Colleague: 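Below is one structure. I have some questions about it.
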Amino acid sequence: MAALNHLNCEAEKVAKIKGGCLCGEVQYESTAEPLMVAACHCTNCRKQSGTAFSMNIGVPADSVSVTGGSLTTYEDAGASGEPVLRKFCNKCGSPILTNLKAADGVSFIKAGTLDDSSWVVPGAEIWCDSKASWGSLGEALPKMPGNPPFG
Ligand SMILES: [Zn+2]
Ligand SMILES: [Zn+2]
């Protein structure tokens, strides 16, 4: 048990958010603690990620710095009709960051782009109303039909 606790402490220390795109042109970093980690099952996250859902890590927008290459923004629209800015590497297409009007001041990092994602623990599943039948994460997580209450 003591050994396990020790491992958990080590895991927290390396929980710094750092990652980049597939081709390596774009790198990002955030020194903040994640505000939330949620699997989004919305149709648009499926389209952008090319798979069943997107694992998003919410952090304060001003804590994120992007270096290297530049991100291209695709202006999508959320369920409310408000803009959802989906930012991806303009060379390799990796989706990196999303900003939404509905969650002003928060940037959502795509967990799959982290250099070390071993510390990621999903806290909820959102947009379960449009979940793919093959996109289950099990029964344990809280499930929301659409957006979580932001702010
Ligand atoms: Zn790239
Ligand atoms: Zn989504």
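Owing to the predicted nature of the structure, the values given are computational and were not obtained by experimental measurement. Note that ligands are numbered from 1 as they come in the structure, with each ligand's atoms numbered from 1 the same way.
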Colleague: Let me check something: any side-chain donor-acceptor pairs from residues 60-71 under 3.5 Å, sequence neighbours excluded? List them with distances.
Modeller:
from  : atom 1 : to    : atom 2 : distance (Å)
Ser63 : OG     : Ser30 : OG     : 2.7
Ser63 : OG     : Pro60 : O      : 2.7
Ser70 : OG     : Asn90 : ND2    : 3.0

Colleague: Rounded to the nearest 0.5 Å, how far apart are CG of Asp115 and CD of Glu29?
Modeller: 9.5 Å

Colleague: Is any side-chain heavy atom of Asn147 less than 4.5 Å from a side-chain heavy atom of Trp127?
Modeller: yes

Colleague: Restricting to distances shorter than 2.8 Å, give the number of protein N, O or S atoms close to the Zn ion (ligand 2).
Modeller: 3

Colleague: Tell me, which protein N/O/S atoms are under 2.8 Å away from the Zn ion (ligand 1)?
Modeller: Cys21 SG, Cys23 SG, Cys89 SG, Cys92 SG

Colleague: Measuring from atom CG of Leu22 to atom CZ of Phe88, what distance do you get when rounded to the nearest 0.5 angstrom?
Modeller: 14.5 Å

Colleague: Considering residues at least two apart in sequence or located in another chain, which fulfil the side chain to side chain contact (heavy atoms under 4.5 Å, CB included) criterion with Thr73?
Modeller: Leu85, Lys87

Colleague: Do you know the tightest heavy-atom contact between Ala39 and Phe53?
Modeller: CB-CD1, 4.0 Å

Colleague: Mind listing the closest non-hydrogen atom pair of Glu75 and Pro83 along with its distance?
Modeller: OE2-CB, 3.7 Å

Colleague: Looking only at heavy atoms, what is the nearest atom pair of Ala124 and Met144, with distance?
Modeller: CB-CE, 4.0 Å

Colleague: Distance check, rounded to the nearest 0.5 Å: Cys128 atom SG versus Lys143 atom NZ?
Modeller: 6.0 Å

